[in-house]
Amino acid sequence: MSSALLTDLQDRGLIFQMAGEDKLPAWLDGGTRTLYCGFDPTADSLHIGSLVPLLTLRRFQLAGHRPLALVGGATGLIGDPSFKAQERQLNTPEVIAGWVEKIRQQVSRFVEFDAGPASAEVVNNLDWTQDMDVLTFLRDVGKHFSVNAMIQKESVRQRIEREGSGISFTEFTYMILQSFDFAELSRRYDCSLQLGGSDQWGNITGGIDLARRMYGKQVFGLTMPLVTKADGTKFGKTESGTVWLDPARTSPYAFYQFWLNTADVDVYRFLKYFTFLPVATIDALQRADEERQGRPEAQAVLAREVTALVHGDAGLAAAQRITDALFSGELAQLSESDLQQLRQDGLPASELEPGSLPATLTHLLTDAGMAASGKQVKDALGRQAVFFNGRALGWEDNDRVAQCLDRSLALYGRFVIARLGKKKYHLFELV
RNA sequence: GGAGGGGUUCCCGAGUGGCCAAAGGGAUCAGACUGUAAAUCUGACGCGAAAGCUUCGGUGGUUCGAAUCCACCCCCCUCCA
């Protein structure tokens, strides 16, 4: 492997499989190349599962190549069956079209559009599929696919072999659509490399075959590993669900906290996956952390880097402002505008009418989403784990909601920061 | 169509008439220890502040009493056709 870019990707552990491995390095070294990665609209936002391919597109651009971000306006209508246990529910074309627009904006954050020959472009596969008629598709595209080969693909095998599941013709056809995208992009843009997660291998190789059959072109494929955690739990989930890239769904604060809570065993690997820091810098950081006793610095670096990439410097500043305020315990030092800012920055918050408060703290805190049940609140109160503006509450306070939320105890007469346990915060504003 | 096995609280899984809100494990939440870690230990873990209320695929039934027995129905798995 001679290309410096590929060597770097290799060092980062970002290469899972390569199609055309023998020729790819020389091809990349031969000039500005065009490559693409697809993102299907399955919601109105991407989540951090898409971050690795998104950042890898950027890595190629930084190395002087031209990235195309494909938004799957067409494929999103069909649904990718790869390694999915069940057939998916179809969404309406209107809904998908709305998502396409949001995802187009999201992916645009990660690539540079004004970079000379390496300028990025966002494309939509609906542009070259929506006007194609069925017979053309079946004769010109479908004829190149062997069903025998398609059903051999690992990505759909489970669905085909397992009793109780099954796959519709619609989803089965997905591979052909994605393959056609690659062939079409190779024709339109001279795009010769497709990136994807490891689950995309079958779809990518399908496209490589099709580009060769339809246009006699040699194109390449590269997949990245599925991000895993050492403890075996699924990457990208928290108690409150999926970690999204959209700040309206996952606030920069929550996003920052997600990365800050990365396990030690995972953090250096994640630094290589999710940041642009040189591998040597990351290795040096790891050595420094290991020599020092106590808390490693890596999580803070990771959280800072990734939050800035996804939410910008302002988003990072907001996340750090909240984190500093809450975890330093210096709540009294917050100014009135800081408190209002916390809410805008994504700290969970709610307004309370002093005249119509819940009868008990258990209700108040479960309603605010700080605990799943009254039992948990009771447990926490009994252990001095509930704090209002830093003051510990006890079980005897359970039915004294009004006293606990008295304006004289509130910051600036109206703000109460509730804390349950070490990490769960909620801002109550008295109105 | 025939024969057998099974559906239990978030998950796995015990429980075959009262001692069952239901063993055990996992997950989760909280505490201690720490670094807003890991490991370990402790507590909680259907809902409810409590009294109490609602659960063991569904519907009916037997019984003082049913997750446990009976009838019918639904779903899943295995084997045979």
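Only heavy atoms go into these numbers, but all of them, side chains included; no hydrogens, no water, no symmetry mates. To find a chain, count down the sequence lines: A is the first, B the second, and so on, and within it residues start at 1.
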Take atom [atom1] in [N] and the same atom in [M], then report the distance between them in whole Å.
| N | M | atom1 | result |
| --- | --- | --- | --- |
| B/G15 | B/C69 | P | 12 Å |
| B/G18 | B/G26 | P | 29 Å |
| B/C64 | B/G1 | P | 40 Å |
| B/A81 | B/C76 | P | 22 Å |
| B/G6 | B/A51 | C1' | 40 Å |

query = Looking at CG of A/D209 and CD1 of A/I204, how far apart are the two atoms once the value is rounded to the nearest 0.5 Å?
reply =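 One gets 12.5 Å once the value is rounded to the nearest 0.5 Å.
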ask   = Distance from A/F270 atom CZ to A/Q299 atom CD, nearest 0.5 Å?
value = 10.5 Å
query = Crowded around A/D313 CG? As in, over 12 foreign heavy atoms under 6.0 Å?
reply =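 Not buried by this count: 12 neighbours or fewer within 6.0 Å.
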key: Within 6.0 angstrom of A/R292 CZ, more than 12 heavy atoms from elsewhere   =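 Yes, the 6.0 Å shell around CZ holds more than 12 heavy atoms from other groups.
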task = Compute whether any side-chain donor of one residue and acceptor of the other, for A/Y36 and A/D181, lie under 3.5 angstrom apart.
result = no
request  = Check whether the side chains of A/S45 and A/Q106 place a donor and an acceptor atom closer than 3.5 Å, and report yes or no.
outcome  =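 Side-chain D/A pair, A/S45 to A/Q106: present.
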Quick one: which protein N/O atoms are closer than 3.5 Å to N/O atoms of nucleotides 46-48 of chain B? Pair and distance per line, please.
| residue | atom | partner | partner atom | Å |
| --- | --- | --- | --- | --- |
| B/G48 | OP2 | A/G374 | N | 3.2 |
| B/G48 | N7 | A/K375 | NZ | 3.0 |
| B/G48 | O6 | A/K375 | NZ | 3.0 |

query = Does the separation of the ring centres of A/F137 and A/F180 fall below 6.0 angstrom?
reply =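 Between A/F180 and A/F137, which both carry aromatic rings, the centre distance is not below 6.0 Å.
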request  = Would you check if the distance from the ring center of A/F388 to the ring center of A/F415 is below 6.0 Å?
outcome  =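 A/F388 vs A/F415: aromatic centres not under 6.0 Å.
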key: ring pair (Phe, Tyr, Trp, His ring centres under 6.0 Å) contacts touching residues 311-331 of chain A (sequence neighbours left out)   = A/F255-A/H311, A/F327-A/Y425
Under-3.5 Å N/O pairs linking protein and nucleotides 10-12 of chain B:
none

Pair listing, salt bridge (charged side-chain N to carboxylate O under 4.0 Å, His left out) test, anchored in residues 350-377 of chain A, at least two apart =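 Passing the test, one end in residues 350-377 of chain A: A/R343-A/E351.
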inquiry  = Rounded to whole Å, please give me the gap between CG in A/L420 and P in B/U28.
reply    =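 In whole Å, B/U28 P and A/L420 CG are 17 Å from each other.
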query = Roughly, in whole Å, what's the span from NZ in A/K229 to C1' in B/A27?
reply = 12 Å
Protein-nucleotides 33-36 of chain B N/O pairs closer than 3.5 Å?
| residue | atom | partner | partner atom | Å |
| --- | --- | --- | --- | --- |
| B/U34 | O4 | A/K422 | NZ | 2.6 |
| B/G35 | O6 | A/D264 | OD2 | 3.1 |
| B/G35 | N1 | A/D264 | OD1 | 3.3 |
| B/G35 | N1 | A/D264 | OD2 | 2.7 |
| B/G35 | N2 | A/D264 | OD1 | 2.9 |
| B/U36 | OP1 | A/R295 | NH1 | 3.1 |
| B/U36 | O2' | A/N261 | OD1 | 3.3 |
| B/U36 | O2' | A/K423 | NZ | 3.3 |
| B/U36 | O2 | A/Q257 | OE1 | 3.1 |
| B/U36 | N3 | A/Q257 | OE1 | 2.8 |
| B/U36 | N3 | A/Q257 | NE2 | 3.2 |
| B/U36 | O4 | A/Q257 | NE2 | 3.1 |

message = Please list, in numerical order, the residues of residues 376-385 of chain A that have a heavy atom closer than 4.0 Å to any atom of RNA chain B.
response = A/Q376, A/K378, A/D379, A/R383, A/A385
task = May I ask you to say what A/L326 touches in the nucleic acid, namely base, sugar-phosphate or nothing, with a heavy-atom cut-off under 4.0 Å?
result =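 Counting heavy atoms under 4.0 Å across all strands, no contact is made by A/L326.
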key: Any donor-acceptor pair under 3.5 Å from A/S119 side chain to A/F113 backbone   = yes
